[in-house]
Every structure is written in C-alpha cells, then in structure tokens.
Amino acid sequence: MKRFLAAASLLALAATGTLAEPVKIGMITTLSGPAGYLGEQVRDAFVLAIEQEGGKLGGVEVQLVVEDDGLKPPQGLQIAEKFVGDEGMKLLTGIIFSNVAGAVVPEVVAQGAIYVSPNAGPSNLAGEGCHPNYFVVSWQNDALHEASGTAARKLGYTRAVALAPNYQAGKDAIAGFAREFGGQVTEIYTQLDQTDFASEMAQIRAANPEVVFQFHPGGLGIAFLKQYQQAGLLGQIPMVLSEPSLDAVILNAVGAAAIGLKGTTHWAADFDNAASKAFVAAWQAKYGDKPLTTYAQQGWDTAQLIASALRKTGGVDDIDAFREALRAADFASTRGDFRFGPNQHPVQDWWLIEIVADANGKPQIVTREQLRDDVGDSYAAQCKM
Amino acid sequence: MSILLIEQALNGVQYGVTLFLLAAGLTLIFGIMGVINLAHGSLYMIGAYAGMYAAAETGSFWLGLPVALAAAAVAGLAVEALVIRRLYNRDHLDQVLATFALILMANQAIILMFGRQPIFTRLPAGFDGSVQLLPGLAYPTYRLLIIAVGLAVAAGLWLLINRTRVGMLVRAGATNRDMVRALGVDIRLLYTVVFGLGALLAGLAGYMAGPIGAVQVGMGEQILLATFVVVVVGGVGSIRGAFVAALILGVVDTMLRAFLPTLLRQVMTPAEADQLGIGIASMGIYLLMALVLLIRPRGLFATA
C-alpha cells in the first residue's frame, strides 16, 4: 500500500511538472540589533509576495533561505560563501547595510551569481564598481538624499547641518544632500553603533543652522529624534529627512513629537496606484497593524522584479537569459514609474512627504508633491559594462 | 564656544555618574571579595529590562524604578549564592570564565523573553523637556536628573562607608580581608550584602540609562569595559577613587569625542577627521589609564 501511494504521488508530481527543484533564493539580511526591523520588513514582504503566489514567483516554485548578518560584513560574507559556494545558489538578495553589501556583493557577482539589492545602493558599486550581475531595486544611496537636498532648497533654506554615521551610506547621504541643496553644509559624522547623541546636539545648537538634515537608519534614528526633542531643538530648528529616518517604526516610537517634520521618499503607503494598493491591502491582511515601511515596499518590489524575470525564463539555469529578463524590469512597481538606468540602478520619481496627526493624534505620513521626475543617479555615467 | 564647552562638560559629568553607579559596585566586589565579576554588565541590563517591563505594564516610570532595583539586587544575590560563592578561593581565570558564561546566559535569556529588538522607552512626565540653565544653554531635564541621582548616590555611599558599622567592615575588608575574618566577623554575610548592593546600583544605572538610548541585549558589555577602566584608575576597592575616576574619565571621553574631530577638521576632510578623531577619542581613556598606572601602579586612591 505504502509503495503504491509513493508511486501514485510520484506520478501526480510528474503530471503537474513540479518534479523540478525549486529555485533557491538566498536572503542575507540584518535581523538583530537596533536595525533588526529593517531586515524583518524586507523579509516579511518578500515572504508575503511568495505566499500570494502559493509558494511561487512568476509561476516558478521558489525556496527562500534567510540568514541574519548581524550588521557585520564578515558574517555576511560567510553566509554568502555558504549560499553560493556550498549550496550552489544563483540568486541572492536581502542586504540592508552598505558596509555589508560592500563586502558581499563583489564576491557574489564574481562567482557568477546574481545579486538583487532590496535596500543598500552604495556609490562605490554604482559607478566604476558596477557589474552586469548586480541590480538595485531600491535606490542609489546618494539619490535617496539628493531628494532631501532638493526639498530643503525648495523650502528656502541656505544653511544646514548634516549628520550621518561614518560609513559608506552615511558619506553617500551627506554627499547626496549637499549636491542638490547647494547651500552651506556643516558635516558631522556619528558612529554606526552610537545611541547617545548629546554631544552632537550641543554641536547643532552651537552651529545654529536654518535646517538640520540627518540620516540615521533604524534604532539610531529613533534615539536621535528623541534626543533632538529632549534637547529642546525640535521646535527651534526644522528638520528635513530622507525616508530611512522617518519610517513607520520610527514614527511610532517617537510619537507626537514627529508631527510637522518634512521628508522625502520614493514611495509611501498612500500612493494611488493599483500595484501599491494591492500591496498595502495584502500586507494589512497578513500582518494586521504591524508598521509598514519603505523597506517592506522594497522587499515586495524586489520579489515582483524577480517574479517578472522568472516568468520569462522559468528558472535561473540560463543565467544570461535571466539577467536580460531582470534588466527589462517588466513589472508593475508599487512606486509607479520604474526602469533601470545604464548601471542597473533605478530611474524613478521622488516625493515630498509631511508627518501629520491622524484621527487619533498619531503621526502619519502624507505625500505632498513630486520633487524630482524620472531621475537616475550621479554615478551611472561612470559605469562601463 | 563657552556655552558649547559647558554643555559638553555636563554631558561628560552625566556619563561619568553613570559609570560611577556601575563602578561603585564593581570596585567593592573586586576589592573586598577579590572576585572579577564580568557579569556586572548583565545586572545593568537586567535592571533596565525589568524596570522597562514594569513601567510599560503600569504606565509609570516611577513604578518601574523599584522593580528595576529589586530585580537587579535579587539577580545579584542569586548569582552570588549560586556561582560567585564557589569562586572566592579559585584563581581569577576561573572567575572570568564563570562570569563570562553568566553574560552569555543572561543575554540568551533576555533574547528568549524580549526578543532581539531593542526597546525604546519614554521619559517620565515632567522630565521629557529641557531647562534653560544659562542664556542659550537649554539642557535636557532627564540628564540633569541622572546627574542629581548619581551625586546623591555618591553622597549616600560616602555616609554608608564612613559613618556606619557596615561601612567600617567594608573598609576593613577592602584593606585586609583575612584579618577581618580572623576577628570573627561573618564575612560571608558581608560579601552577600556588598554584592547585593553593587547589583542594585548596577540596576539603577541600567534603568536610568534606558530612556536615553535603547534597552537592548548587550547594553551592559558596551559600558562594562569603561567601568573596569574606572575601577583600575580609581584604585581597586575605593569608592572615592571610583567617583573621582568616573568623573574624570567621563569628561575626558566626552570632550575628546566632541572636540577632537573639530580640531582635526582644520587639517583634513570631515569624514577623515571624524574617523581619526573618534578613533583617538576611543583610545583616550585607555591612554589615561596607562598614564595613571605608570605613576601610581595601584590607582589614584589605592586602599592598601
């Protein structure tokens, strides 16, 4: 009887054509520490996209393997070697932090695998360091903050203090902001593991700028905003922020103090397009009132891009065909307009957002106006593929 | 500029008193019992988590405080009775290994109970703003509260050590443990009291530090290293030494971090200046320790 059942199930498998191994997707992401929720958001949205298709992406069975890099580049590299070397995976994604990406991505693409970034887009991998096997779905780091520079300029400010942690994405942030802002910028660098910003608050007060721009992802941003308020600076010196410093988790933690802050984003949950509405509805159906951030949207869009390519190629065995299919970016992005520039980083629109009080007095993100239309990044021209 | 200097000095004092709250317990435990307790930072973390949990349940910061103190003290007493008591006569390597194991266990236990995500707590009502100390200098009220609490604890400990019978025994124990035992003092009870008190102060420091940064796993280890430097610089077993050393190191560390990058920026790019400046600032307190040990090998206020 047992043997008969086994044979029957084998037959059934053969008939539906699912005997083929599922496509393995390796996700290296940050799940622990103050920024652990960033990776969690990317992972949850990616898992949601797979579930929506009943275990498939683009009609192809996939298996997602997730590991935590702990925000440590060597740990990320170790996981990548296991994924690509030992397990023979050809498709990796998930990295949140640029310092981890800087260590992992060159290694992965050198071994012939494809890496699709749902978040980090460091400048050194966007210009001369670009690679045909490396795609970024989110944004190039500088572009993310150039929008804030545009916003601060349009709001009429000329003197700014810009703060960011001293690592690749932090340097990219200040460079991007300053490039579009055009005014006078005082730069202050913090540490990626810093939680006490008392000394920086004193420096901001002493510099007394017209506007403060700061980029502190995850828990750092929560601590920074709270201490900015405690220092009595919140009402005094306005802030213009990029989306990683104003995500839904940070807003929940900071509370009413965030109301009135202005920022910039490539997507917000109130976007009025079919893809975005479907994503927000699916998220709320599965995760209830768990905060929904741009990280989740990036994870979702990454999954949709991969799905669009798998739909054309049926798998990753022919890596050249798969790469071509990715490059076409033939999917409906939740952000509206989306295509890849010559360095396989996004060409997209940027928006001004404002934090307002909702019916319960809680902070809520509202999209105001378009700041930049169809822009790529400043490094695309240096990319020779 | 002078306003900035004063504000950074206050930041240094606030960091210093937090270090003192931790170092006071550590220096007594080290000085009187001769035990190196690496798990002191875990008591700091336990205080922060327990207090944060109680504050969230009751909705009151102040109700969280006694819970934080009690949890850290109870945890400290349990650690003393179950682990440390067996280590008094072993060498320091055994103590380091055992208490390091305690760190790993405490961290895993907290991860199991609260998860890996750091928890952000709110400031108590009335202390969530800032006060105008001088024209142009508004300072966060909560940080002033930390400074006040630290100074009050320092005064209380001074009275306890110098004006009470228990304090006399503590001083005697720090100077010559064997003689105290030979005179018929119940040294075991004294050890337990000292350990519990040290744990309680660590819990207080942890709970007070919570709302400024984040309550997270490993928060104790971050600050423990600086605390050991304070103990060594101040002189093992000396509360007075711990107090002076904590304030000096707190101010020196903060000043270096605040002003060194700015000075270096005169001669190099901001990113490089900050990298180098922070690098040197991180070494600052260790250089200071080396200097002090060179001149006074037993610390500033050595007890024997």
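What you see below is based on every heavy atom in this structure, not just the backbone, and it leaves out hydrogens, waters and symmetry mates. Naming convention: chains lettered A, B, ... in sequence-line order (proteins, then strands); numbering from 1 in each chain.
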**OP:** State the CZ-CD1 distance between R265(B) and I188(A), to the nearest 0.5 angstrom.
**Re:** 6.5 Å

**OP:** List the atom of Q8(B), the atom of S199(A), and the distance in Å for their closest heavy-atom pair.
**Re:** NE2-O, 3.1 Å

Subject >> Y53(B) OH: over 12 foreign heavy atoms closer than 6.0 Å >> reply: no

Original post:
Given a strict heavy-atom distance threshold of 4.5 Å, which part of L31(A) is in contact with chain B: side chain, backbone, both, or neither?
Top reply: backbone

Subject >> Reported CZ-to-CG distance for the pair R205(A) and L4(B), which is rounded to 0.5 angstrom >> reply: 9.5 Å

Original post:
Which atom pair, heavy atoms only, marks the closest approach of A258(B) to Q203(A)?
Top reply: O-NE2, 3.8 Å

Subject >> Side-chain heavy atoms of D196(A) within contact of Q14(B), under 4.5 Å >> reply: yes

Original post:
Is it the side chain or the backbone of Q194(A) that comes within 4.5 Å of chain B heavy atoms, both, or neither?
Top reply: neither

Original post:
Any idea which of K171(A), Q229(A), K226(A) has the most non-hydrogen atom pairs under 4.5 angstrom with chain B?
Top reply: K226(A)

**OP:** Go through G277(B), A138(B), G129(B) and name the one with the most non-hydrogen pairs under 4.5 angstrom from chain A.
**Re:** A138(B)

**OP:** Between chain A and each of I111(B), I119(B), N11(B), T254(B), count heavy-atom pairs under 4.5 Å; write down the option with the most.
**Re:** N11(B)

**OP:** Check whether more than 12 heavy atoms from other residues, nucleotides or ligands sit under 6.0 Å from atom NZ of K290(A), and answer yes or no.
**Re:** yes

**OP:** Give, as side chain, backbone, both or neither, the part of Q230(A) having an atom under 4.5 angstrom from any heavy atom of chain B.
**Re:** both

**OP:** Drop me the distance from M201(A)'s CE to E7(B)'s CD, to the nearest 0.5 angstrom.
**Re:** 10.0 Å

Original post:
In terms of heavy-atom pairs under 4.5 Å, which option from G170(A), A257(A), A231(A) contacts chain B the most?
Top reply: A231(A)

**OP:** Find the one option among S32(A), A35(A), A202(A) whose heavy-atom pairs under 4.5 Å with chain B are most numerous.
**Re:** A202(A)

Subject >> Residues, nucleotides or ligands: over 12 heavy atoms within 6.0 Å of E210(A) CD >> reply: yes

Original post:
Non-hydrogen atoms of chain A under 4.5 Å away: do they reach the side chain of P211(B), the backbone, both or neither?
Top reply: backbone

**OP:** Please determine, among G218(A), G36(A), A164(A), the option with the most heavy-atom pairs under 4.5 Å with chain B.
**Re:** G36(A)

Original post:
Between Q216(B) and T195(A), is any pair of side-chain heavy atoms under 4.5 Å apart?
Top reply: yes

